[in-house]
Amino acid sequence: MVLRIFSRVFIFLLCATIVHSQTVEPGKSYVGRAGDTFISEDEFLQRFELLPGLYRHRKPQLEQAKLEFLYSLIAEKLLVQEAIARGLDADSLFQASFNEVRKLILRDQLYREEVIQKVVVTEEEITRGTWEAQRQLLASFVFFDKKEDAEFVRGQLKRPKDFETLQLDSTMKALRDTATVIWGEAEPSIEEAAFKLKPGEISSVVQAGDGYYILKLSKVQKSGYYASMQPTGLRERVASKIRLRKEEARMDEFVREILKDKIGYAIPEPFKLVSKSLTEVYERQPSQPLTWLTEEMVKEVKAKCSSRLKDTLVVVGEKYWTVGEVIERLNSARFVIGMNEIKRISHRLNTQIKVWVHQELLALEGARRGLDQRPGVRQQLDMWSSHYLAEFMKEYLKKRVTVSESEIWSHLQTQDKDLVVPQVRIRGLRTGSIQEMREAMFEHQSGATLEALVDKWSNDPEAKGRRGLSDFFSITDRQPVGEIAWQMQVGERYGPLQVPKGFLLFELVGKKSAPLQKDTSLIARKEKAAQEVLRMKQRKLLTLFLAQVGEQRGFDIYQERLSQIRATPTPMMTFRVLGFGGRMFAVPFVEKQLEWLNVEPPQGIVLP
């Protein structure tokens, strides 16, 4: 069964299957078609389940939500095909936007292949981890900045009791303290050394973080957290923690290996300029725990760097980022500084650029390996490409919508019938045929006045009696004459213009403006009305365009397949945590698009 019409009450029609140019992949099931694109069950389910929705726990609402979502997905696919037909897929802005997502997905796939797939957690590791997790250790330690100091002191500790009587030289940078070592929470090297000790034993020198430790195990206790878990849950938690640690170690190893021959650095002079400008701007902000970079702050930073915005700041492989591009990246990342970090902005900026450079180089490595040709990656990229192309097609439509003065004032009049609207006064000549108008215009060019031409050629008795002169009338009236006249200067002429009962040539005689200068609230109302009318016209154009494209390209809903899909009733918005840092939406958002289904496709061309 194929569903072709949507309304509050679903109408089902039996339709013949149409053969289209797109090849349907063997073994795949499809729930719908939009033009020459078929929508697979896999894509539908993935995008439907990973986006939020209301009342999906109720069976009727779930089925309606599935149907509405599929129609909206069809609208997206239709827009994509129209975007490609207009060459928007070759637009540099589209390619830049899509390439950013492509890089995220590429380095995530690189992480999967070089880290996740190469990490193995053995049964022996899980067994040992499960046993260790159920204990927590109380330990004393001495921390040293320098390895040689730590090794010297360790050499003095011959017996366990020496640890307690140890006297530290005041010239050493050392610290004594105690700690509770909980499995999975301490630094791996500290944890490994501590769990090898028996009560009273002293460890060798252990490197961890920025220093060196000597540990002495004081006491072993039962872990209240891990010991209270059920065996299955404990095993899963331990296995997960071991995998995470091994992935971090493998990631560090791989990043060092892959980046050692890569080019990526910041140029000192422009770096100092940006750092200094950021510091000055942040210092002027009100004191608060955290301060995010705002649009206004970005403008200030750019103003301070105005002479160098196009200079290269960062080199990454064969690419480079200018000062202006780096500032925009900071803006997009919502660069944040803590109250006590303002004096260290240079360090924070360097760290941020280092992360970006590493991520860029990893994405380039993923592209070099052709990871975007993996079937799973290709499917993700296709989804995101469709999303961006559809959004660019919407913007393409929006840019072709304009709002006239008369439309704005008409909208304001619907809210206030007593509103004073701008007015115009014209002197017009209306003839019954284009031939008469041409002859009248020829005489006009030969010197005849417009008043004389009205006497001779006008087919409007009332206007003829007034020698073509009108009263003042609102620019929202007599369209399109009122709007055209408002755009003219007094004394200018326009025409011939086809109007009811003939053709019109007119001259603007006078204008009366609305009292905007005297009514400041009216200025704000007019600006708001302009935005409202623009949004309404843009939405209407999109609706008419989709209705027409849907009629021309065709679309189908495979209702039987759709009803068989078992979707999760729990609404969610899912983020995808990316390998090598960062996150993104798990799938592209599908905007609800249903109005076009209840609109009669227009006969004329909506958009060339």
Side-chain angles (χ1 to χ4, degrees), residues 42 46 50 103-137 181-197 203-204 206-209 213 215 220 223 225-262 355 358-381 574-584 586:
D42 290 342
Q46 186 178 6
L50 297 182
K103 288 188 289 188
L104 296 177
I105 293 173
L106 275 172
R107 61 181 171 83
D108 188 58
Q109 182 65 21
L110 184 65
Y111 184 88
R112 291 172 185 273
E113 295 189 10
E114 287 293 340
V115 178
I116 293 178
Q117 294 176 14
K118 293 190 176 183
V119 167
V120 177
V121 179
T122 66
E123 187 64 33
E124 181 184 353
E125 289 172 322
I126 297 173
T127 301
R128 185 175 68 250
T130 301
W131 179 74
E132 291 178 348
Q134 296 179 74
R135 304 184 301 153
Q136 64 183 30
L137 313 179
V181 181
I182 299 174
W183 185 89
E185 294 185 11
E187 289 242 11
S189 57
I190 294 289
E191 182 182 294
E192 182 179 3
F195 275 96
K196 287 180 178 178
L197 299 175
S203 74
S204 58
V206 181
Q207 182 180 359
Y213 294 79
L215 308 172
V220 179
S223 170
Y225 176 67
Y226 284 108
S228 63
M229 289 184 177
Q230 293 296 319
T232 301
L234 174 60
R235 176 185 171 80
E236 291 175 354
R237 183 65 59 88
V238 168
S240 176
K241 188 63 181 181
I242 294 172
R243 166 165 282 279
L244 180 61
R245 281 184 163 179
K246 296 184 77 172
E247 284 183 10
E248 288 176 349
R250 168 58 189 161
M251 180 182 70
D252 291 341
E253 175 191 359
F254 174 72
V255 169
R256 285 193 301 270
E257 174 189 331
I258 207 68
L259 296 181
K260 64 183 178 182
D261 297 324
K262 300 290 191 297
V355 170
H358 285 181
Q359 290 178 342
E360 183 77 14
L361 292 171
L362 288 164
L364 290 173
E365 176 64 19
R368 187 190 68 79
R369 297 186 182 193
L371 301 186
D372 51 355
Q373 299 307 312
R374 301 283 197 272
V377 176
R378 185 73 261 161
Q379 182 185 19
Q380 296 172 55
L381 292 175
T574 306
F575 286 95
R576 174 178 177 177
V577 178
L578 301 169
F580 303 112
R583 71 173 189 171
M584 62 186 291

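Hydrogens, waters and symmetry mates play no part in the numbers below; they use all other heavy atoms, side chains included.
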Minimum heavy-atom separation for [X] to [Y], with atom names?
X: Arg243; Y: Val119; answer: NH2-O, 2.8 Å
X: Asp372; Y: Leu381; answer: CB-CD1, 3.6 Å
X: Leu110; Y: Gly366; answer: CD2-N, 4.3 Å
X: Ala186; Y: Val181; answer: CB-CG1, 4.0 Å
X: Val120; Y: Lys246; answer: O-NZ, 2.5 Å
X: Val238; Y: Ile126; answer: CG1-O, 3.9 Å

Are any of the side-chain heavy atoms of [X] and [Y] separated by less than 4.5 Å?
X: Trp183; Y: Arg135; value: no
X: Leu234; Y: Gln134; value: yes
X: Arg250; Y: Glu114; value: yes
X: Val255; Y: Asp252; value: no

State the [atom1]-[atom2] distance between [X] and [Y], to the nearest 0.5 angstrom.
X: Gln117; Y: Arg112; atom1: CD; atom2: CZ; value: 9.0 Å
X: Lys118; Y: Phe254; atom1: NZ; atom2: CZ; value: 7.5 Å
X: Ile190; Y: Leu215; atom1: CD1; atom2: CG; value: 5.0 Å
X: Gln109; Y: Leu362; atom1: CD; atom2: CG; value: 13.5 Å
X: Arg237; Y: Met229; atom1: CZ; atom2: CE; value: 4.0 Å
X: Met251; Y: Ile116; atom1: CE; atom2: CD1; value: 11.0 Å

(request) Show your reasoning for whether side chain to side chain contact (heavy atoms under 4.5 Å, CB included) applies to Asp42 and Gln379. (result) CA-CA 10 Å; Asp42 290 342; Gln379 182 185 19; 4.1 Å; yes

(message) Other residues, nucleotides and ligands only: do more than 12 of their heavy atoms fall within 6.0 Å of CD on Glu257?
(response)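 Yes - once you tally the heavy atoms of other residues, nucleotides and ligands closer than 6.0 Å, there are more than 12.
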
(message) Would you say CZ of Arg583 has more than 12 non-hydrogen atoms from neighbouring residues, nucleotides or ligands within 6.0 angstrom?
(response)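 Counting other residues, nucleotides and ligands, CZ of Arg583 stays at 12 neighbours or fewer.
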
(request) Classify the side-chain pair Tyr226/Gln136 by whether it contains a donor and acceptor separated by less than 3.5 Å. (result)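 Short answer, no.
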
(message) For the backbone of Gly184 and the side chain of Lys241, can you confirm whether one donor and one acceptor N or O come within less than 3.5 Å of each other?
(response)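 Confirmed, Lys241 side chain pairs with Gly184 backbone.
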
(message) When you measure from the centre of the six-membered ring of Phe580, is the NZ or CZ of Arg107 closer than 6.0 Å and no more than 45° off the axis?
(response)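 The answer is no; the distance or angle limit is not met.
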
Pairing of [X] and [Y] as salt bridge, 4.0 angstrom limit:
X: Arg368; Y: Glu365; value: yes
X: Glu113; Y: Arg369; value: no
X: Arg245; Y: Glu125; value: no

(message) Before you tell me yes or no, could you show the steps for Met584 and Ile105 under side chain to side chain contact (heavy atoms under 4.5 Å, CB included), namely the whole-Å CA-CA distance, both residues' side-chain angles and the distance that decides it to 0.1 Å?
(response) CA-CA 9 Å; Met584 62 186 291; Ile105 293 173; 4.2 Å; yes

(request) Kindly determine whether Tyr225 and Glu185 satisfy side chain to side chain contact (heavy atoms under 4.5 Å, CB included), including the steps that lead there. (result) CA-CA 12 Å; Tyr225 176 67; Glu185 294 185 11; 5.6 Å; no

(request) Verify salt bridge (Lys or Arg N to Asp or Glu O under 4.0 Å) between Arg235 and Glu123, making sure each step is shown before the conclusion. (result) CA-CA 10 Å; Arg235 176 185 171 80; Glu123 187 64 33; 2.8 Å; yes

(request) Start with the C-alpha gap between Asp108 and Arg576, add the side-chain angles, then the distance that decides, and say whether side chain to side chain contact (heavy atoms under 4.5 Å, CB included) holds. (result) CA-CA 10 Å; Asp108 188 58; Arg576 174 178 177 177; 2.6 Å; yes

